[in-house]
Amino acid sequence: MYQEAYRAVETVLKDATGATDVLLGDGGEHADLASTIAFALAKTEKKSPVLIAGEITAAITDTLAAAGITVSTTGPYINFIFGPAYVAGVVKAASRPGYGCLAAVPGRVCIEHTSANPNGPLHVGHIRNSVIGDTLSRVFRKAGYDIDVQYYLNDMGRQIAIVSWGFDHLDIPQNEDEKDDHYVARVYVAANHALKADPSIKEEIDRRMGLIEQGDPETVEKFRRAVSLCAEGIKVTLNRLGAPHDRFVWESGFVQDGSMVEILDRVEALPESSHDDILAVDLTAFGFEKEYVLRRSDGTSVYAARDLAYHVWKGEHFDRLINVLGADHKLIGAQLQATMKLLGEKVPEIVFFEFVSLPEGSMSTRAGKFISADELIDEVTKKAFDEVTIRRPELPEEERRAIAVSVAIGAVRYDIVRVSQEKSTVFDWRQALDFERQSAPYIQYSHARACSILEKAGEFTPAYEFTTESEIALAKQIGLFPVVLRTVVNELRPHHLAIYARDLADLFNTFYHTDPVLKAEAGVRDARLTLVRAAQNTLSEVLETLGIDAIRSM
RNA sequence: GGGCUUGUGGCCUAGCCUGGAUAAGGCGUUAGCCUCCUAAGUUAAUGAUCAGGGGUUCAAAUCCCCUCAAGCCCGCCA
């Protein structure tokens with residue numbers, strides 16, 4: 001709907017002015033669309049922008065009126081307001097299940113996110129990755145893409161060698177009710193302590209690193225056990241968050257099946273490769289000072305080599321690769337992209353997000369200095385349960401628990417996704433536990449209100465005549481949903497959807513307070529109920545796309 | 001030292017890419033609103049030299065340069 005209206009205005013403006021860019025943009029509070037083309041034409045036409053705007057408006061008013069679009073000027077601005085036909089069309093479209101879905105796009109997209117090292121549970125920094133990646137995945141699906149979501153499991157890194165050493169040498173029993181990934185973290189922290197106290201342990205770690213690369217069965221089994229234990233715990237957390245993966249890809253697989261060696265051979269053949277005793281790629285042509293090391297002088301490979309093999313594999317199976325990575329991977333990510341380009345392979349697109357730190361400083365799994373995602377979810381759920389109990393004491397406990405979980409997960413996810421990814425943040429308990437405005441519960445609450453009205457209303461005959469300011473503003477915001485989805489896909493910035501959801505809830509609440517629905521007279525009642533249904537359906541679709549439960553009662 | 005990112009009322013955030021109409025929300029504070037569709041709501045008041053300086057432009061929070069501050073990176077770690 002919006003696209004068509006936009007194009008109609010753009011075409012007419014182009015015809016009238018002869019300009020290639022008619023400077024058409026959001027009209028804000030003034031209009032649905034506005035053009036500042038009059039400013040640009042002022043110089044060449046040697047007339048005042050106000051005059052030009054008036055002339056253009058006079059020339060196009062009739063044409064656009066036929067399309068149901070009103071044109072007017074305010075000073076030099078040309079404003080366009082979409083009429084009743086547009087509003088009715090939007091409400092009709094938004095009433096259908098699945099509203100917002102875009103036409104299927106050919107090709108497969110691989111989205112990799114989270115991929116945290118399996119040496120401990122996910123913490124509040126990791127889940128920024130999960131939430132951005134999962135929201136992006138949901139938006140892509142809704143926008144018609146065939147996607148596969150992957151977690152790359154670094155199962156042969158140094159930390160895993162340290163964890164396996166800890167399991168062998170430190171007698172640390174698992175606590176009762178202790179989640180496996182939390183147990184692994186405890187062993188990892190203790191092993192690091194031991195390593196610090198006795199540097200000779202490093203030799204044993206190095207030995208394990210060599211053995212794992214050679215595929216020594218006993219070492220492989222030790223690593224596999226530790227990694228599995230941790231990964232299963234991580235999966236539980238991701239499922240709680242509603243951010244599951246289609247598959248976990250084990251890094252060691254690319255060593256075992258020989259594909260890494262194959263890639264290293266190809267790298268070796270590159271004119272940019274240098275191999276005295278090590279294998280590295282010279283990326284100065286791409287502006288990198290440091291060379292990209294892939295194989296150590298002792299013959300073992302580094303992480304980057306396996307990562308390269310993983311991406312070549314992904315390139316064989318997918319048409320588009322998207323990785324979500326923390327800002328600390330900016331350099332290594334750019335080096336990977338450059339090397340993929342040199343190899344003539346598909347270059348992954350990388351979505352970077354900045355760090356989440358604690359008020360007392362940055363987080364560290366090794367130092368045991370972090371707030372785990374599980375702890376966060378537990379605390380928020382507890383608070384949510386208390387809140388539901390205060391508000392709805394009459395509900396059975398089971399139902400209150402279910403609502404609390406939906407509210408908590410929503411609150412956690414929304415709190416993360418609403419901030420644009422290039423901004424570093426400081427974790428704040430007070431904010432995490434705030435369920436008031438600009439939070440998921442606020443949006444969920446609007447949805448529940450809409451559901452409640454519809455339930456009380458019963459059957460009604462759809463009607464599409466809207467007259468009040470609140471009705472029209474709400475309908476127009478509903479019409480923007482597909483536009484926002486496209487923006488998120490184009491820019492790979494999911495926070496736009498979060499902001500959109502909040503604005504939609506705001507407009508629904510304004511409508512709710514200014515325009516009575518159930519008590520309105522017959523004709524108006526039908527139209528308002530139709531609008532409530534469209535709003536409810538849109539809120540539900542938006543929340544779902546954000547990975548937040550659209551609960552019907554709270 | 002070099003590179004990347006950020007800096008918007010007391011606090012948190014949107015707007016910045018694609019320059020234009022009184023800089024938009026929330027938290028906080030103050031004063032209101034439940035015989036009325038769920039008050040996780042809502043009305044109003046309060047509060048901003050858009051880090052600082054320079055430049056481009058008819059027009060700069062937005063683009064360019066410099067300075068300052070914060071975070072991250074610059075391993076034969078991952």
Side-chain angles (χ1 to χ4, degrees), chain A residues 21 23-30 34 36 38-40 42-43 48-49 74-77 79 115-117 119 154 156-160 209 251 277-280 287-291 293-304 306-307 326-332 334 352 354-355 357 362 384 387-388 390-392 407 411 418-426 428 430-431 434-446 448-457 491 493 495-496 498-499 502-503 505-506 509-510 512-520 528-529 532 553-554:
Chain A
D21 183 357
L23 305 174
L24 200 53
D26 182 35
E29 63 201 290
H30 309 280
T36 54
F39 285 109
K43 211 172 258 177
S48 86
T74 307
Y77 301 93
N79 292 326
S115 302
N117 287 327
N119 55 358
N154 305 139
M156 50 187 299
R158 192 161 204 90
Q159 326 81 12
I160 308 308
M209 292 297 285
E251 178 186 7
D277 53 342
I278 61 165
L279 173 63
F288 300 115
E289 298 176 19
K290 295 284 163 74
E291 52 182 11
V293 177
L294 299 176
R295 194 165 54 210
R296 303 182 181 96
S297 53
D298 66 4
T300 60
S301 62
V302 298
Y303 167 84
R306 279 102 66 177
D307 205 21
D328 54 336
H329 286 68
K330 274 188 181 175
L331 177 61
I332 199 101
F352 290 108
E354 289 288 336
F355 264 50
S357 56
S362 54
E387 295 286 331
V388 191
I390 291 167
R391 289 158 221 267
R392 307 292 299 279
V407 164
R418 58 182 251 271
V419 181
S420 58
Q421 54 231 32
E422 65 274 13
K423 222 135 181 170
S424 52
T425 61
V426 178
D428 179 1
R430 200 171 142 265
Q431 203 163 303
D434 180 13
F435 302 149
E436 296 193 345
R437 295 191 72 156
Q438 303 207 336
S439 69
Y442 169 75
I443 303 164
Q444 289 172 309
Y445 188 70
S446 306
R449 268 181 165 170
C451 288
S452 169
I453 293 175
L454 291 170
E455 202 171 302
K456 291 204 166 92
E491 299 183 12
R493 293 162 64 77
H495 83 285
H496 286 302
I499 304 303
R502 194 193 70 202
D503 291 343
D506 279 343
N509 282 331
T510 303
Y512 175 91
H513 285 283
T514 59
D515 300 346
V517 178
L518 297 177
K519 287 183 304 184
R528 289 192 181 157
L529 279 169
V532 170
S553 164
M554 61 188 283

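Just so it is clear, the structure is predicted and the values come from calculations on it, not from any experiment.
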Student: Tell me: CD of A:E455 to P of B:C37, nearest whole Å?
Tutor: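 Value for this atom pair: 15 Å.
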Student: For a quick check, with a 4.0 angstrom heavy-atom cut-off, what is the B/S/- contact string for nucleotides 67-78 of chain B, read 5' to 3'?
Tutor: -----SSSSBSB
Student: Tell me what A:N119 touches on the nucleic acid: a base, only sugar-phosphate, or nothing, going by heavy atoms under 4.0 Å.
Tutor: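 Contact class for A:N119: none.
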Student: Taking only the side-chain nitrogens and oxygens of A:H496, find out if one of them lies under 4.0 Å from OP1 or OP2 of B:C17.
Tutor: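 A:H496 to B:C17 OP1/OP2: no side-chain N or O under 4.0 Å.
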Student: What is the separation between atom CG on A:D503 and atom P on B:G26, rounded to the nearest whole Å?
Tutor: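 Going from A:D503 (CG) to B:G26 (P), I get 11 Å.
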Student: Just do the side chain to side chain donor-acceptor pair (under 3.5 Å) check on A:N509 and A:Y445 with the steps written out, would you?
Tutor: CA-CA 10 Å; A:N509 282 331; A:Y445 188 70; over 6 Å; no
Student: From the list B:G25, B:U5, B:U38, which nucleotide is the closest neighbour of the side chain of A:R502?
Tutor: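 Closest of the options to the side chain of A:R502: B:G25.
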Student: Show each protein N/O and nucleotides 39-41 of chain B N/O combination with a separation under 3.5 Å, one pair to a line.
Tutor:
{"from": "B:A39", "atom 1": "OP2", "to": "A:R449", "atom 2": "NH2", "distance (Å)": "2.5"}
{"from": "B:A40", "atom 1": "OP1", "to": "A:Y445", "atom 2": "OH", "distance (Å)": "3.1"}
{"from": "B:A40", "atom 1": "OP2", "to": "A:R391", "atom 2": "NH1", "distance (Å)": "2.2"}
{"from": "B:A40", "atom 1": "O5'", "to": "A:R391", "atom 2": "NH1", "distance (Å)": "3.2"}
{"from": "B:A40", "atom 1": "O4'", "to": "A:R391", "atom 2": "NH1", "distance (Å)": "2.6"}
{"from": "B:G41", "atom 1": "OP1", "to": "A:R437", "atom 2": "N", "distance (Å)": "3.1"}
{"from": "B:G41", "atom 1": "O2'", "to": "A:R449", "atom 2": "NH1", "distance (Å)": "2.9"}
{"from": "B:G41", "atom 1": "O2'", "to": "A:R449", "atom 2": "NH2", "distance (Å)": "3.0"}
{"from": "B:G41", "atom 1": "O2'", "to": "A:H513", "atom 2": "NE2", "distance (Å)": "2.7"}

Student: Within this structure, what is the CD-to-P distance between A:Q431 and B:G28, rounded to whole angstrom?
Tutor: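 My rounded result for the distance is 12 Å.
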Student: Applying a 4.0 Å non-hydrogen cut-off, can you work out what A:D26 is touching in the nucleic acid: base, sugar-phosphate, or nothing?
Tutor: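 Answer is nothing: A:D26 stays at 4.0 Å or more from every strand.
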Student: Going by atom types alone, do A:R306 and A:S301 pair a side-chain donor with an acceptor below 3.5 Å?
Tutor: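 There is such a pair between these side chains.
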Student: Nearest whole Å is fine: how far is B:G26 P from A:R430 CZ?
Tutor: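 It works out to 15 Å between those atoms.
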Student: For B:C72, does the O4'-C1'-N9-C4 (purine) or O4'-C1'-N1-C2 (pyrimidine) torsion place it in syn, i.e. within 90° of 0, or in anti?
Tutor: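 Anti, which is what one calls it when the glycosidic angle falls more than 90° from 0.
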Student: Give one of base, sugar-phosphate or nothing for A:T300, where a contact means two heavy atoms less than 4.0 Å apart.
Tutor: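 Nothing: the residue A:T300, judged by heavy atoms under 4.0 Å, touches no strand.
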Student: Considering only the P atoms, how many Å lie between B:U22 and B:C12, rounded to the nearest integer?
Tutor: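 It works out to 28 Å between them.
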Student: Can you list the residues that meet the ring-ring contact (aromatic ring centres under 6.0 Å, His included) rule with A:F355, with sequence neighbours excluded?
Tutor: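 Once residues adjacent in sequence are excluded, A:F355 has no partner under the ring-ring contact (aromatic ring centres under 6.0 Å, His included) criterion.
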Student: Could I get a table of every N or O pair under 3.5 Å where one atom is in the protein and the other is in nucleotides 32-36 of chain B?
Tutor:
{"from": "B:C36", "atom 1": "O2'", "to": "A:K519", "atom 2": "NZ", "distance (Å)": "3.2"}

Student: Are A:S420 and B:A14 close enough that a side-chain N or O sits under 4.0 Å from OP1 or OP2?
Tutor: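 Yes, A:S420 has a side-chain N/O under 4.0 Å of OP1/OP2 on B:A14.
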Student: Within the sub-3.5 Å range, which N or O atoms of nucleotides 58-62 of chain B have a protein N or O partner, and how far apart are they?
Tutor:
{"from": "B:C58", "atom 1": "OP1", "to": "A:K43", "atom 2": "NZ", "distance (Å)": "3.0"}

Student: May I ask you to say what A:G299 touches in the nucleic acid, namely base, sugar-phosphate or nothing, with a heavy-atom cut-off under 4.0 Å?
Tutor: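 No contact.
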Student: NZ of A:K423 versus P of B:C16: gap in Å, rounded?
Tutor: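 Value for this atom pair: 12 Å.
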Student: Rounded to the Å, how far apart are A:R418 CZ and B:A14 P?
Tutor: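 Computing the A:R418:CZ to B:A14:P distance gives 8 Å.
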Student: Run through RNA chain B and report every stem of 3 or more consecutive Watson-Crick or G-U pairs, distances under 3.5 Å, ordered by first number.
Tutor: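 For RNA chain B the paired stretches long enough to count as stems (3 pairs minimum) are B:1-7 with B:68-74, B:10-13 with B:24-27, B:28-33 with B:41-46, B:51-55 with B:63-67.
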Student: Pick the P atom in B:A51 and in B:C17, then give their distance to the nearest Å.
Tutor: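 Between the two P atoms, the distance is 15 Å.
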